[in-house]
Amino acid sequence: MIKVTAGADAPERCSQAFTVAAVAVASGVEVSLWLTGESAWFALPGRAAEFELPHSAPLPELLEGILAGGRITLCTQCAARRGIGEKDVIEGVRIAGAQVFVSEAMGEGVQALVY
């Protein structure tokens, strides 16, 4: 489980979270990536393409890799604060809240990372 709280406001932290999640998926690890805070914007089509960080993998490719083999969840409150609804997000991204987050985080053998 990876929770990313940073977006364009902290690009290195944001990129690290997406990179770790994508590498984990590619390695066969079951991944649940949670978008919270400013990373919520990356649940919208085209927003990942606007992200730039020298010497890092392109965010759209990382996002695509995570969606291909993992799960991406947008925090309910973070979405609401930004006016983002179910119809707005990239296909495959779900919106869920604290109850689902806690349920996933407390699963047997779950390792949680926060960026």
Side-chain angles (χ1 to χ4, degrees):
M1 172 178 241
I2 299 170
K3 181 178 182 180
V4 56
T5 62
D9 59 325
E12 288 181 313
R13 209 164 16 116
C14 177
S15 180
Q16 288 169 359
F18 278 89
T19 300
V20 168
V23 169
V25 167
S27 300
V29 175
E30 186 177 330
V31 172
S32 177
L33 178 70
W34 281 73
L35 304 176
T36 67
E38 286 302 295
S39 71
W41 295 114
F42 298 123
L44 297 175
R47 285 297 184 99
E50 297 172 6
F51 181 86
E52 291 185 21
L53 181 64
H55 310 292
S56 66
L59 202 60
E61 291 177 20
L62 296 173
L63 188 61
E64 188 176 305
I66 298 162
L67 280 170
R71 179 174 47 247
I72 298 180
T73 306
L74 171 58
C75 162
T76 302
Q77 289 183 16
C78 300
R81 281 190 282 276
R82 290 160 179 80
I84 300 171
E86 292 279 348
K87 295 177 185 173
D88 301 319
V89 300
I90 298 167
E91 185 176 340
V93 173
R94 70 177 176 169
I95 298 177
Q99 182 179 5
V100 175
F101 180 83
V102 170
S103 176
E104 284 187 15
M106 299 310 294
E108 187 173 330
V110 172
Q111 174 68 47
L113 304 173
V114 179
Y115 288 89

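- Minimum interatomic distance between A40 and I84 (heavy atoms only, all atoms of both residues): O-CD1, 3.9 Å.
- With rounding to the nearest 0.5 angstrom, the CG atom of L59 is 11.5 Å from the CD atom of E64.
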Please report, to 0.1 Å, the donor-acceptor pairs under 3.5 Å made by any side chain of residues 91-115, with sequence neighbours excluded.
{"from": "R94", "atom 1": "NE", "to": "T73", "atom 2": "OG1", "distance (Å)": "2.6"}
{"from": "R94", "atom 1": "NH2", "to": "T73", "atom 2": "OG1", "distance (Å)": "3.2"}
{"from": "R94", "atom 1": "NH2", "to": "E104", "atom 2": "OE2", "distance (Å)": "2.2"}
{"from": "E104", "atom 1": "OE1", "to": "S32", "atom 2": "OG", "distance (Å)": "2.5"}
{"from": "E104", "atom 1": "OE1", "to": "W34", "atom 2": "NE1", "distance (Å)": "3.1"}
{"from": "E104", "atom 1": "OE2", "to": "R71", "atom 2": "NE", "distance (Å)": "3.3"}
{"from": "E104", "atom 1": "OE2", "to": "R71", "atom 2": "NH2", "distance (Å)": "3.4"}

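- Nearest heavy atom pair, residue P45 against residue V89, reads CD-C, 4.3 Å.
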Cut-off 3.5 Å, no hydrogens considered: what does the side-chain donor-acceptor table look like for residues 47-54, sequence neighbours left out?
none

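- For residues 67-90, there are no ring-ring contact (aromatic ring centres under 6.0 Å, His included) pairs, not counting sequence neighbours.
- Applying the salt bridge (charged side-chain N to carboxylate O under 4.0 Å, His left out) test to every pair with at least one member in residues 17-40, sequence neighbours left out, gives these pairs: E38-R82.
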Under 3.5 Å donor-acceptor pairs involving side-chain atoms of residues 8-26, not counting sequence neighbours:
{"from": "D9", "atom 1": "OD1", "to": "G7", "atom 2": "N", "distance (Å)": "2.7"}
{"from": "R13", "atom 1": "NH1", "to": "T5", "atom 2": "OG1", "distance (Å)": "3.2"}
{"from": "T19", "atom 1": "OG1", "to": "S15", "atom 2": "O", "distance (Å)": "2.7"}

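- The ring-ring contact (aromatic ring centres under 6.0 Å, His included) contacts involving residues 53-93 comprise nothing, where partners must be two or more places apart or lie in separate chains.
- Screening L33, V31, I2 against I72 for a side chain to side chain contact (heavy atoms under 4.5 Å, CB included) leaves a single residue, L33.
- In this structure, CG on L74 lies 8.0 Å from CG on L44, to the nearest 0.5 angstrom.
- Residues M1 and V4 do not share a hydrophobic cluster, defined by chaining ILVMFWY side chains whose heavy atoms lie under 4.5 Å apart.
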